[in-house]
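One structure below.
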Protein chains: 2
Amino acid sequence: MNKKQILLIDDDHELAELLVDYLAQQGFIVQCCFDGQAGLEQAYNHKFDLILLDVMMPKLNGFEVLKALGKEHKTPVLMLTAKGDHHDKIKGLELGADDYLAKPFHHQELLARIKAILRRIQLVNQQNRQALQHQDTLLSINNIKLNHAVRSVSCHGNDIELTGTEYQLLTLLMEHHGKIIAKDTISEQVLGRKLSPFDRSIDVHIGNIRRKFLPFCTVEKIKTVRSAGYIFLTGENA
Amino acid sequence: MNKKQILLIDDDHELAELLVDYLAQQGFIVQCCFDGQAGLEQAYNHKFDLILLDVMMPKLNGFEVLKALGKEHKTPVLMLTAKGDHHDKIKGLELGADDYLAKPFHHQELLARIKAILRRIQLVNQQNRQALQHQDTLLSINNIKLNHAVRSVSCHGNDIELTGTEYQLLTLLMEHHGKIIAKDTISEQVLGRKLSPFDRSIDVHIGNIRRKFLPFCTVEKIKTVRSAGYIFLTGENA
DNA sequence: AGACTGTGTAAAGGTTTAGTAAAGGTTATT
DNA sequence: AATAACCTTTACTAAACCTTTACACAGTCT
């Protein structure tokens, strides 16, 4: 994992030095500015992963820096201040800060809050990628091919249109090809409900799938196992 | 803008009532649980935008709930507690909480912190989308061309005017052409919100895009995959 | 064989989902 | 403040889909 870069904007040189040391020791790269103006410039020039922003400073105070950064600025900001005043906190947060910590604070708490913010960003990023990333999308057994990315099915190269339920049912059978799948398992996995005594839905779906494959197959791929369930035959058994 | 859903887990009935009222008044939908166990179940069953979690509770305390949610849980958590102890704060934050607020707190500060967390998530989402778009300024598939630099669209050479949302939606589909994009993914990526049960926005946008392309296309480029999503067809499939 | 049970299958009925037009509401612009 | 552009919601329609029903047939047991 590459090191995260932090921009510290604080006119308190003593505190700044302490923080730079501590955070560096914790695996961050810290850049330091001692007034709002300089901080703002740095923020524009470099891309930081996080900004630590003091409120009371010469030239530009923390709130002004926050405003100048603009509503659309992407770098998260954690504000630090000597005042524990609620109005200040609220003002900071509403101006776009991600967190607000009152001085004096424990450096461990600061660290924990920094990590929390960075972790959140990473989580959201992950989430976004995962939503668009499809798991392995090809399943091919016994001349039948499934492509999950497009939810398409083909038999000996011929495209076959299946409904959502039929597709799920076939997928289930193919994922466990060569093994008997009980009807109640199918009902729960595919239809999302317990199998009721006179429920014939599954039989009908199986029938529909078979009918759609019929023109393209010489042998039956889905075999009925009386009073046990259905089974997708592998090449050897077929 | 649709309302954000918050799960409040706190055994202090009096406080809970106050918070529910206040947050509802501020435009949130709040669900309430009075012990850790119930809260955890709710968190698993529904998708919330944020969880407010008290620490001291019967059955399961806040830390235990946090652990049970797991490291990969996606919903942000803001912890509330009577103890202002630093160790507690650090513990909570390290266990995956996004923020930690000590009781008693000003409801305005709570609100500001809630908003800060939600805003950060939305910002990161936006950023992701934009980052994707700026990678390549030209995207050309199946006779449809996008030029991100000037945000223009053409079909067989004919310019087409799309709104911002339509453009983003089309971009998303084209970037993942040949793959199904689920409606809830579209909603999160393009509209920046979770898909609600009766939300028809996406269908309408898709309809509008199709209508604008209609005069210039012989075949449909965007295919509906019932109960799964939409897919931008590649040349071969079209 | 006869009874019983489980399955194949066609068709009817009911439910869910998507297409679409129009109204309502929001935001940005003039 | 008025206007325009846009997004969302609503309501209706059509289509796709799932389940139920009914009956025929096949396997199993006595």
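Reminder, nothing fancy here: chain letters follow the sequence lines and each chain counts from 1.
- Of the residues near DNA chain D, B:T165 and A:S201, the one whose nearest nucleotide (by heavy atom distance) lies more toward the 5' end is B:T165.
- At a threshold of 4.0 angstrom between heavy atoms, the contacts of A:T163 are confined to the sugar-phosphate backbone, with no base atom among them.
- For the pair B:I186 CD1 and D:dC7 C1', the computed distance is 16 Å after rounding to whole Å.
- Across all strands shown, A:D199 has heavy atoms under 4.0 Å from sugar-phosphate atoms exclusively, and none from any base.
- With B:F28 as the partner, the side-chain contact (heavy atoms from CB on, under 4.5 Å) test is satisfied by one option alone out of B:L8, B:L50, B:L111: B:L111.
- By the salt bridge (charged side-chain N to carboxylate O under 4.0 Å, His left out) test, B:D203 pairs with B:K183, B:R200, sequence neighbours left out.
- Every salt bridge (charged side-chain N to carboxylate O under 4.0 Å, His left out) that B:D49 has, sequence neighbours left out, goes to B:K194.
- The separation between A:E220 atom CD and C:dG8 atom C1' is 11 Å, rounded to whole Å.
- Every residue meeting the ring-ring contact (aromatic ring centres under 6.0 Å, His included) condition with B:F34, not counting sequence neighbours, appears here in chain and number order: B:H13.
- Note that the two end axes of the helix from C:dA1-D:dT30 to C:dT30-D:dA1 enclose an angle of 30°, each drawn from 5 base pairs, rounded to 10 degrees.
- Atom pair B:F198:CZ and D:dA11:P shows a separation of 12 Å (rounding to whole Å applied).
- Between B:H205 and D:dT8, a side-chain N or O to OP1/OP2 separation shorter than 4.0 Å is present.
- Each of B:L162 and B:V204 was matched to the nucleotide of DNA chain D holding its nearest heavy atom; the match closer to the 5' end belongs to B:L162.
- Judged as a salt bridge (Lys or Arg N to Asp or Glu O under 4.0 Å), the pairs with a partner in residues 205-219 of chain A (not counting sequence neighbours) are, in order, A:E166-A:K212, A:R210-A:E220.
- Whole-Å rounding puts the A:F213 CZ to C:dT9 P distance at 15 Å.
- Atom C1' of nucleotide C:dA18 and atom CZ of B:R211 are separated by 16 Å, given to the nearest angstrom.
- Listed by chain and number, the residues in a salt bridge (charged side-chain N to carboxylate O under 4.0 Å, His left out) with A:R120 are B:D98 (sequence neighbours excluded).
- With rounding to whole Å, A:I202 atom CD1 is found 12 Å from D:dC18 atom C1'.
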Heteroatom pairs (N/O) under 3.5 angstrom, protein to nucleotides 4-7 of chain C:
unit_1	atom_1	unit_2	atom_2	d
C:dT5	O2	A:R226	NH2	2.7
C:dG6	O4'	A:R226	NH2	3.2
C:dG6	O3'	A:S227	N	3.4
C:dT7	OP1	A:S227	N	2.9
C:dT7	OP2	A:K183	NZ	2.9

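- Here A:I206 lies out of heavy-atom contact (under 4.0 Å) with every strand.
- Nucleotide D:dC17 holds its P atom 15 Å from the CG atom of A:L169, rounded to whole Å.
- Remark: B:R113 engages A:D99, B:D99, B:E109 in a side-chain hydrogen bond (donor to acceptor under 3.5 Å, both in side chains) (not counting sequence neighbours).
- When the P atom of D:dC17 is taken as reference, atom OH of A:Y167 falls 15 Å away, rounded to whole Å.
- Taking A:H176 as the reference, nothing meets the side-chain hydrogen bond (donor to acceptor under 3.5 Å, both in side chains) condition, with sequence neighbours excluded.
- Between A:H86 and A:Y100, the ring centre distance reaches or exceeds 6.0 Å.
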